[in-house]
Amino acid sequence: MSAVGATAAYLNHPGDSHHDRVSFLGAQLPPEVAAMPRLLGDLDRGTFRKLLKLVVSSQQGEDCREAVQRLGAGAHLPEEQLGALLAGTHTLLQQALRLPLASLKPDAFQDQLQELSIPQDLAVDLASVVFGSQRPVLDSMARQQGAWLPHVTDLHWRVDVAISTSALARSLQPSVLMQLKLSDGSAHRFEVPIAKFQELRYSVALVLKEMANLEKRCQRKLQD
């Protein structure tokens, strides 16, 4: 099957019952994934399982170069085909694993793979990785290998009231004194006027509301 044929399920056609579905692969199908149906045509399930195991081991940080060479020689796979299959499988799993389990269900995952003309038995094997017992290990490795900025680990705050200032004998202006502790061990202390604190509170509440609404819409579309 051509790459164009594999992407047909992702094109929006009037009257198509699936045109509102959100793919876990994104709006544009990665070319290495689009090439997979054609490359999987004559591949037996045993060989695919070995290939899938190598991709998973690679994502867990193992050096699989020698094992890849042995697989290619044992299965009589051309180097170009083997490389393309490894790249496609890696991208497919990487895209699926970036979504939380609540956002991508096994049935929806397998349905989308079948829309790509990936054989059902191979789709089952892929689903066993994304939703199986190895998922926590893969998630942990992804967090360790990713580039992460320091995040907030603790927050302390208190309200201070300035009774007087150098300019005014009687001020009574409240302010919020905040201290953030980050995951890299640093601490930042700053003062927030009440008006700015109200803006911050409103902005955070608005963002949280929008995030909740977006998550609900995505979950409904993935489960359709």
How about Ser203 and Leu200: do any of their side-chain heavy atoms sit closer than 4.5 Å? no
Describe, in one word, how the ring planes of Phe24 and Phe109 are oriented to each other, choosing from parallel (under 30°), tilted (30 to 60°) and perpendicular (over 60°). tilted
Count the heavy atoms of every other residue, nucleotide or ligand shown that sit under 6.0 Å from CZ of Phe190, and state whether that count exceeds 12. yes
Would Gln59 and His90 count as a side-chain contact (heavy atoms from CB on, under 4.5 Å) here? Give the steps. CA-CA 8 Å; Gln59 291 184 338; His90 174 81; 3.4 Å; yes
On a heavy-atom basis, which atom in Gln95 and which in Leu25 lie closest, and how many Å separate them? NE2-O, 3.7 Å
What I'd like to find out is whether the side chain of Leu138 reaches to under 4.5 Å of the side chain of Val129, using heavy atoms alone. yes
So for atom CG, which belongs to Asp184, do other residues, nucleotides or ligands contribute more than 12 heavy atoms lying within a distance under 6.0 Å? yes
For the pair Leu180 and Thr153, evaluate side-chain contact (heavy atoms from CB on, under 4.5 Å) and give the outcome as yes or no after the intermediate values. CA-CA 8 Å; Leu180 298 178; Thr153 59; over 6 Å; no
Taking the side chain as every heavy atom from C-beta outward, state whether Gln179 and His188 have any pair of such atoms under 4.5 Å apart. no
Side-chain ion pair, Lys105 and Asp107, N-O less than 4.0 Å: no
Under the side chain to side chain contact (heavy atoms under 4.5 Å, CB included) test against Leu52, which residue among Leu93, Leu122, Thr47 passes? Leu93
Are Phe48 and Val124 connected, step by step, through hydrophobic side chains (Ile, Leu, Val, Met, Phe, Trp, Tyr) whose heavy atoms are closer than 4.5 Å? no
Any chance you could lay out the side-chain contact (heavy atoms from CB on, under 4.5 Å) test for Val192 and Trp157, step after step, and finish with the verdict? CA-CA 10 Å; Val192 183; Trp157 64 275; over 6 Å; no
So, Ser57 side chain and Lys53 main chain: donor-acceptor pair closer than 3.5 Å or not? yes
For a 4.5 angstrom cut-off between non-hydrogen side-chain atoms, does Leu29 reach Leu116? yes
Identified salt bridge (Lys or Arg N to Asp or Glu O under 4.0 Å) counterpart of Arg49 within the set Asp121, Asp125, Asp44: Asp125
Side chains of Leu97 and Arg135: does their closest heavy-atom pair fall under 4.5 Å? yes
